[in-house]
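Contents: one structure, followed by commentary.
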Amino acid sequence: MSVETAVPIPLLHSTVLEWYAAHARDLPWRAPEATPWAVMVSEFMLQQTPVKRVLPAYTAWLERWPTPAALAADAPGEAVRMWGRLGYPRRALRLHAAATAITERHGGEVPDDHAELLALPGVGEYTAAAVASFAFRRRHAVLDTNVRRVFARVVDAVEYPPTATTAAERRTATALLPEADETAATWAVAVMELGALVCTARTPRCGGCPVAAMCAWRLAGSPPYEGPPRRGQTYAGTDRQVRGKLLAVLREAHGEVSQAELDAVWHEPVQRARALDGLVADGLVEPVAQGVYRLPGAPAAG
DNA sequence: CATACGTGGGC
DNA sequence: TGCCCAAGTAT
């Protein structure tokens with residue numbers, strides 16, 4: 001059974017696109033003057049961090065580093081510091097590494113090709129498609145958690161998509177992609193917006209949904225999720241929490257930090273040491289001398 | 001393919 | 001109060 005037979009695609013397109021035209025949020029990375037670099041910065045920050053918290057960080061970041069070359073010229077530790085409390089600070093390191101690669105391999109211009117984007121540090125399937133689509137108006141299936149949820153409901157009549165992206169989901173997304181590049185690019189961001197504002201994970205606002213009348217899940221009576229339990233993220237008491245505390249000290253200290261300052265953040269020495277070792281292994285923290293640490297600096301000139 | 005990886009806000 | 005979730009990526 002093909003997607004084409006189950007969903008009136010032209011009607012779906014026009015309905016979602018009209019809804020988007022009327023209800024899209026006015027986000028800075030969607031402004032016409034947003035550069036591909038700005039779009040890329042927003043995508044890194046939005047990987048698992050809500051829009052509201054990204055907004056101020058995005059503005060400050062681009063003010064300081066308006067181009068990939070500007071960021072690449074600074075120390076990676078500065079990127080980690082500017083990242084602040086967005087979470088998952090490895091993203092800051094990867095964004096810095098991506099800026100370096102763009103500067104060295106692409107003449108300082110964010111590549112417009114999906115494969116070249118995918119080759120950059122921290123750029124996976126989603127981000128490559130998002131940058132190619134949003135910044136360069138290319139035709140790509142953009143499958144993020146919002147889009148996957150919308151398609152799961154509208155097309156597959158289930159409340160939630162599978163844990164990991166499947167080939168079937170890619171087929172569906174591709175089959176639903178409008179033909180024209182420009183339309184496909186707007187479609188991608190429009191479906192994402194619908195998932196973010198209306199077709200939400202917890203309590204979808206089906207009453208205000210423009211496609212409720214053609215939503216397979218809705219038409220099936222909104223059956224509850226039946227798959228395997230969606231495992232939550234553990235945090236309290238884990239290495240992640242300790243890493244967060246350690247890195248917070250490093251971020252707020254401009255310069256070197258002593259072992260004693262780091263020891264103060266966690267009582268249990270084995271876990272504390274393991275967390276610190278992990279940060280060093282990830283390149284987020286740099287040992288300077290015995291018992292002295294700092295955020296990573298520029299590599300020695302040579 | 002499952003797991004590690006931060007942080008904070010909403011209900 | 002907790003539990004759930006937020007424009008994922010790398011291993």
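No experiment lies behind these values; they were computed from the predicted model shown. The chains referred to below are lettered A, B, ... by the order of the sequence lines, with proteins before strands, and numbering in each begins at 1.
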remark   = So CG of A/L17 and OG1 of A/T183: to nearest 0.5 Å the spacing works out to 7.0 Å
inquiry  = Let me confirm one number: the CZ-OG1 distance from A/R85 to A/T49, rounded to the nearest 0.5 Å.
reply    = 12.0 Å
Is the closest side-chain donor-acceptor distance between [X] and [Y] under 3.5 Å?
X      : Y      : value
A/S133 : A/R139 : no
A/Q47  : A/Y126 : no
A/E261 : A/S258 : yes
A/R137 : A/T186 : yes
A/E159 : A/W217 : no
A/R240 : A/Y88  : yes

Of the listed nucleotides C/dA10, C/dG8, C/dA6, the one nearest the side chain of A/R94 = C/dA10
Pick base, sugar-phosphate or nothing for [X], based on heavy-atom distances below 4.0 Å to the nucleic acid.
X      : value
A/T200 : nothing
A/A201 : sugar-phosphate
A/R85  : sugar-phosphate
A/L86  : base
A/G87  : base
A/V123 : sugar-phosphate

message = Looking at A/R138 and A/D112, is there a salt bridge between them, counting it only when a charged N and a carboxylate O are closer than 4.0 Å?
response = yes
task = Specify whether A/W187 and A/F151 have parallel, tilted or perpendicular ring planes, treating 30° as the upper limit for parallel and 60° as the lower limit for perpendicular.
result = parallel
How many Å lie between [atom1] on [X] and [atom2] on [N], as a whole number?
X      : N     : atom1 : atom2 : answer
A/L55  : C/dA6 : CG    : P     : 18 Å
A/Y58  : C/dA7 : OH    : P     : 17 Å
A/Y88  : C/dA6 : OH    : P     : 12 Å
A/L194 : C/dA7 : CG    : C1'   : 14 Å
A/E193 : C/dA6 : CD    : C1'   : 14 Å

request  = Specify the residues of residues 14-52 of chain A, ordered by number, for which at least one heavy atom lies under 4.0 angstrom from an atom of DNA chain B.
outcome  = A/Q48, A/T49
request  = Return the residues of residues 269-278 of chain A meeting this criterion: a heavy atom under 4.0 Å from some atom of DNA chain B. Order them by number, or give none.
outcome  = none
Nearest-angstrom distance, [atom1] atom, [N] to [M]:
N     : M     : atom1 : value
B/dC1 : C/dG8 : C1'   : 16 Å
C/dT9 : B/dG9 : P     : 24 Å
B/dT3 : C/dA7 : P     : 23 Å

request  = Shoot me the first and last contacting nucleotide of DNA chain B against chain A, ordered 5' to 3', at under 4.0 angstrom to non-hydrogen atoms.
outcome  = B/dT3 to B/dG10
ask   = Hey, are the side chains of A/F134 and A/R30 touching, using non-hydrogen atoms and a 4.5 Å cut-off?
value = no
message = Both A/G122 and A/N146 contact DNA chain C. Which one's nearest nucleotide lies toward the 5' end?
response = A/N146
ask   = Is any side-chain N or O of A/R53 closer than 4.0 Å to OP1 or OP2 of C/dA7?
value = no
message = Under 3.5 Å, is there any donor-acceptor pair linking the side chain of A/R202 to the base of C/dC4?
response = yes
Cluster link A/L120 to A/L118, ILVMFWY, side chain under 4.5 Å = no
